[in-house]
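Lettering follows sequence order; numbering is per chain, from 1. The figures here come from the full heavy-atom set of this structure, side chains too, leaving out hydrogens, waters and symmetry mates. Not measured: the values here are computed from a predicted model.
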There are 2 protein chains.
Amino acid sequence: MSTAAPGRRNLASAAGPPPELAGRLGYLLKHAQLGLAELTAAALEPYGLTGRELAVLTVLASGEPASQQQAAQRLGVDRTTMVALVDVLEDKGLVQRHAHAEDRRRNVVELTEKGRDRLHQAGAAAQEAESRFVAPLSRKDAQRLKAALLAVIQPEG
Amino acid sequence: MSTAAPGRRNLASAAGPPPELAGRLGYLLKHAQLGLAELTAAALEPYGLTGRELAVLTVLASGEPASQQQAAQRLGVDRTTMVALVDVLEDKGLVQRHAHAEDRRRNVVELTEKGRDRLHQAGAAAQEAESRFVAPLSRKDAQRLKAALLAVIQPEG
DNA sequence: TATTGTTATACTCTATAACTATA
DNA sequence: TATAGTTATAGAGTATAACAATA
């Protein structure tokens, strides 16, 4: 009945922005985010990962092995959300939980070798999706876009 | 227990992006969108409108009175979602439904005078929130940002 | 038979509250 | 008493399916 794909997403992806909204930054940001998320999801599907899961792997792989809660803070998600995310990754054999040696309340979450491999492969695929997404822009404009977004996100300049 | 405000939002709004994610366009877009949404929500609160409701009013006010379904397509939402959105606006006295003269299956949704007033006031407030949001950028860079987002959203150049 | 609006329902995402174990 | 992780639960948002009225 609907013209949308079975999975998800409706949101005027085909029609393009209606002129009365095309000037609103909120509209532009939202639909840019949705468009890239769609591309990324497709690119990651062969690796059995969602964009969010890839972000979790990325955070867990960076720096020293963090506790679940530290990783949650970096990602900006709730503790309880983190539990579910790590559960999924652990079920897939990509990470392992260990009790912290000094504070046994904490879980140290480390990537398995399989997890590291998957992170590299899926990370490259996501990067490629991002490149395709910004293909309408010159390389310089694409860099400017990211710089502008970063500037606007930062708490202070 | 949580450090987040009671309403919603956790998402590392205070911490800033972790370096391992700051280069990912998906992360930047998502958090820029969330940041602006937060500002806009606060700016619209005195007018009793959400950003989404303002977008609905904007679409309904533009061009000739559309049917609910046409408006839904422009907004990129489902028919059933549109029903709820119009319900809310009608309860607030901002829009009215009429049966279409020629095709009585359709609802023509028109803004009331109160709706038009509210649209102008709230629209100005949202615009002001957007200006504050892009304040870290030069005027030119802010324009470039919007142009780049538009280019990347458009189905074709 | 197809379409518009509607209702009921289900699914996803994510947060809050309460519980366990450690400290 | 406070903290890390967990579980159960609830709320927001949005889609799908089924139904009534109209075409």
- Value in whole Å for how far the P atom of D:dA8 lies from CG of A:Asp78: 17 Å

- Item | 5′-ward residue of the pair A:Gln69/B:Thr81 relative to DNA chain D | A:Gln69

- Task: Figure out the CZ/P separation between B:Arg106 and D:dA20, and round it to whole Å.
- Result: 23 Å

- Item | salt_bridge(A:Lys114, A:Asp117) N-O dist < 4.0 Å | no

- Message: So, using side chain to side chain contact (heavy atoms under 4.5 Å, CB included) as the criterion, who are the partners of A:Ala148 when residues are at least two apart?
- Response: B:Leu137, B:Leu145

- Any donor-acceptor pair under 3.5 Å joining the side chain of A:Thr80 to the base of C:dT14? no

- Starting from P on C:dT6, measure out to CG on B:Asn107 and report it in whole angstrom. 5 Å

- Using whole Å, report how far CD of A:Gln68 lies from P of C:dA21. 17 Å

- Among D:dG5, C:dA23, C:dT4, which is the nearest nucleotide to the side chain of A:Asp103? C:dA23

- Message: Rounded to whole Å, please give me the gap between CG in B:Leu34 and C1' in D:dA12.
- Response: 14 Å

- Task: Could you check how far CG of A:Leu85 sits from P of C:dA15, rounded to whole Å?
- Result: 10 Å

- Query: How far apart are the C-alpha atoms of A:Arg106 and A:Gln69, what are their side-chain angles, what is the distance that settles it, and do they pass the side-chain hydrogen bond (donor to acceptor under 3.5 Å, both in side chains) test?
  - Reply: CA-CA 8 Å; A:Arg106 298 191 193 178; A:Gln69 195 152 176; over 6 Å; no

- Query: When you check the gap from the basic side-chain N to the acidic O, do B:Glu110 and B:Arg97 get nearer than 4.0 Å?
  - Reply: no

- Message: Measure CZ/B:Arg79 against P/C:dT7 and give the value in whole Å, please.
- Response: 13 Å

- Salt-bridge criterion met for A:Arg24 and B:Glu130 (N-O under 4.0 Å): no

- Message: Can you identify which nucleotide, out of C:dA23, D:dG5, D:dT22, has its nearest atom closest to the B:Arg104 side chain?
- Response: D:dT22

- CG of B:Asp87 versus P of C:dG5: gap in Å, rounded? 12 Å

- Message: I want to check one thing: is the phosphate of D:dA4, taken as OP1 and OP2, less than 4.0 Å away from some side-chain N or O of A:Arg97?
- Response: no

- Task: Ignoring hydrogens and angles, answer whether the base of C:dT3 and the side-chain atoms of B:Arg105 contain a donor-acceptor pair closer than 3.5 Å.
- Result: yes

